[in-house]
Amino acid sequence: MHVTDARMKAKALYEARRTRQPIAAFTDAEPDLTMADGYAVQRELVPLLLADGDRVIGYKVGLTSVAMQQLIGVDSPDYGPVLASTVYDDGDVIPLDRFISPKMEAEIVFVLGERLQGPGVSLDGARRAISGAMASMEIVDSRIADWRIKLADTVADLASNGAMVTSGRAVPIDGFDTRLTGMVLTRNGELIATGAGAAALGDPVAVVAWLANVLGEHGIALEPGHLVMTGALHAAVPLAAGDVFRAEFDRLGAVTIRVSTDEST
Ligand SMILES: C=C/C=C(\O)C(=O)O
């Protein structure tokens, strides 16, 4: 994709985020857009957001589970940066008016203890670089109308990231099998989803290795302190004003988020 075209698409997404007015999927008009085209747009969008004072504090990897890949109709993970302005603390009220069409996902987030740069990052190498894991939820959102996304659209739109909340307590993962980390998600006290670490590419640690290797192709490293969101362990669920979500993870503990009761609280 020509850089001017990528810039125009990035500007359209930037405006959609600012105004909360979704835009038509790029792939509606250009069905042949590739994942690489999506990343070309993402690379143009990120500096626009950083110019507003934001900061990259890590990455999300999405579409790591069969449940999410089937929901979107793709067979590959994707990634996007996590911006500091999108991070909430355990127990916070999250304002509904920052989203267009939000959905909730529970996932495992890792904190990097050491620099990690591909190519050639193995599962063991990724595990050694991780200082801990946290219970987390991601609120995904789409600036593309009605979530009619193909892979190029979601990649361009920062992998459909909306916001995230973590428990804030990073638990070292030495000696535990992250594939077996169980998760129970409730909404307003009602069970709505379950999952296990293995849903994310077979092992959430493998997601970190995958990301380091893909970023490495562009000369980018994961840095100490970076967060890596490893993807929903279940199909994303809708959320509404006033909902209280709680995700409980084996060994990692729980994380809660409240959705504001109206657009302004
Ligand atoms: C479209 C978004 C997908 C994710 O966030 C995920 O699979 O975690």
Side-chain angles (χ1 to χ4, degrees), residues 17 20 49-50 52-62 79-113 130-141 158-173 178 181-190 192-193 195 197 200 204 207-208 222-234 236-265:
R17 295 172 79 94
R20 288 179 64 213
L49 298 168
L50 299 187
D52 289 340
D54 222 326
R55 189 160 61 83
V56 174
I57 57 152
Y59 293 87
K60 81 160 271 187
V61 183
Y79 70 88
V82 173
L83 301 174
S85 64
T86 66
V87 180
Y88 287 81
D89 292 329
D90 189 16
D92 276 355
V93 176
I94 194 161
L96 201 50
D97 66 4
R98 62 174 297 155
F99 305 113
I100 296 173
S101 182
K103 298 180 190 187
M104 187 65 80
E105 301 176 341
E107 50 192 88
I108 295 169
V109 167
F110 290 120
V111 185
L112 265 285
I130 289 168
S131 63
M134 294 192 286
S136 170
M137 285 180 277
E138 177 183 8
I139 297 93
V140 285
D141 195 18
L158 305 194
S160 306
N161 178 241
M164 73 180 290
V165 52
T166 75
S167 65
R169 296 173 296 276
V171 177
I173 59 167
T178 42
T181 305
M183 181 284 298
V184 170
L185 178 65
T186 59
R187 180 175 52 209
N188 308 326
E190 233 174 74
I192 49 165
V207 176
V208 176
L222 292 171
E223 302 292 347
H226 266 164
L227 301 181
V228 179
M229 307 170 71
T230 58
L233 301 177
H234 60 95
V237 294
L239 64 79
D243 280 344
V244 178
F245 285 87
R246 182 174 172 81
E248 291 171 84
F249 290 77
D250 184 33
R251 292 187 185 228
L252 306 182
V255 59
T256 303
I257 193 94
R258 294 159 200 281
V259 183
S260 65
T261 48
D262 63 43
E263 294 272 313
S264 56
T265 56

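Please read these numbers as outputs of a predicted model, since none were measured by experiment. Atoms considered below: every heavy atom in the structure, side chains included; atoms not considered: hydrogens, waters and symmetry mates.
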What one should report as the nearest heavy-atom pair of G162 and F99 is C-CE2, 3.9 Å
Taking all non-hydrogen atoms of both residues, which atom of A236 and which atom of K103 are closest, and how far apart?
CB-CB, 4.0 Å
Test log, rule side-chain contact (heavy atoms from CB on, under 4.5 Å), inputs D141 and S101
CA-CA 5 Å; D141 195 18; S101 182; 4.0 Å; yes
So, taking the atom named OH in Y59 and the one named CG in L112, what distance separates them when rounded to the nearest 0.5 Å?
10.5 Å
Option passing side chain to side chain contact (heavy atoms under 4.5 Å, CB included) with L222 (candidates I130, L227, V208):
V208
Is any side-chain heavy atom of D97 closer than 4.5 Å to one of R20?
yes
Short question: side chain of T256, backbone of D90 - any donor-acceptor pair under 3.5 Å?
no
Once rounded to the nearest 0.5 Å, what's the spacing between atom CG of L185 and atom CG of L233?
10.0 Å
If you draw a 6.0 Å radius around CZ in R258, do more than 12 non-hydrogen atoms from other residues or ligands fall strictly inside?
no
Heavy-atom distance under 4.5 Å between the side chains of R17 and L49, does that happen here?
yes
Under the side-chain contact (heavy atoms from CB on, under 4.5 Å) criterion, do L239 and I139 qualify, and how do the steps go?
CA-CA 9 Å; L239 64 79; I139 297 93; 4.0 Å; yes
Kindly indicate whether the side chain of K60, heavy atoms from C-beta on, has any atom under 4.5 Å from the side chain of Y79.
no
Quick one, V140 and P102 - any side-chain contact, counting heavy atoms below 4.5 Å?
no
Do T230 and V61 make a side-chain contact, defined as non-hydrogen atoms from C-beta onward lying under 4.5 Å apart?
no
List for me each residue that meets side chain to side chain contact (heavy atoms under 4.5 Å, CB included) alongside A254, sequence neighbours excluded, and say none if there are none.
R246, E248
Can you name the closest pair of heavy atoms from A133 and I173 and give their distance?
CB-CG2, 3.7 Å
Residues at least two apart in sequence or cross-chain that pass side-chain hydrogen bond (donor to acceptor under 3.5 Å, both in side chains) with E223, listed by chain then number, are R115
Could you name each residue pair satisfying side chain to side chain donor-acceptor pair (under 3.5 Å) that touches residues 161-171, not counting sequence neighbours?
E138-N161
P224 and G113 have their tightest heavy-atom pair at CB-O, 3.7 Å
Output the distance between atom CZ (R187) and atom CE (M104), rounded to the nearest 0.5 Å.
9.5 Å
Give a yes or no answer on whether the side chain of T178 reaches the backbone of P204 with a donor-acceptor pair at less than 3.5 Å.
no
Can R98 and T86 be said to form a side-chain contact (heavy atoms from CB on, under 4.5 Å), step by step?
CA-CA 10 Å; R98 62 174 297 155; T86 66; 3.6 Å; yes
Looking at every non-hydrogen atom in both residues, tell me the closest pair between G253 and A135 and how far apart they are.
O-CB, 3.6 Å
May I ask you to test the M134-V111 pair for a side-chain heavy-atom distance under 4.5 Å?
yes
So S85 and D54, side chain to side chain donor-acceptor pair (under 3.5 Å) or not? Walk me through it.
CA-CA 6 Å; S85 64; D54 222 326; 2.3 Å; yes
Any donor-acceptor pair under 3.5 Å linking the side chain of S136 with the backbone of V165?
yes
Do L83 and I57 come close enough that some side-chain heavy atom pair is under 4.5 Å?
no
Minimum-distance pair of heavy atoms, taken over all atoms of P81 and L158
CD-CD2, 4.1 Å
Answer yes or no: is there a donor N or O on one side and an acceptor on the other, between the side chain of H234 and the main chain of A106, under 3.5 Å?
yes
Do V56 and V82 have side chains that get closer than 4.5 Å, going by heavy atoms?
no
With rounding to the nearest 0.5 Å, note down the distance linking CG in L50 to CG in D52.
9.0 Å
Atom pair CE/CZ of M137 and F245 - distance to nearest 0.5 Å
8.0 Å
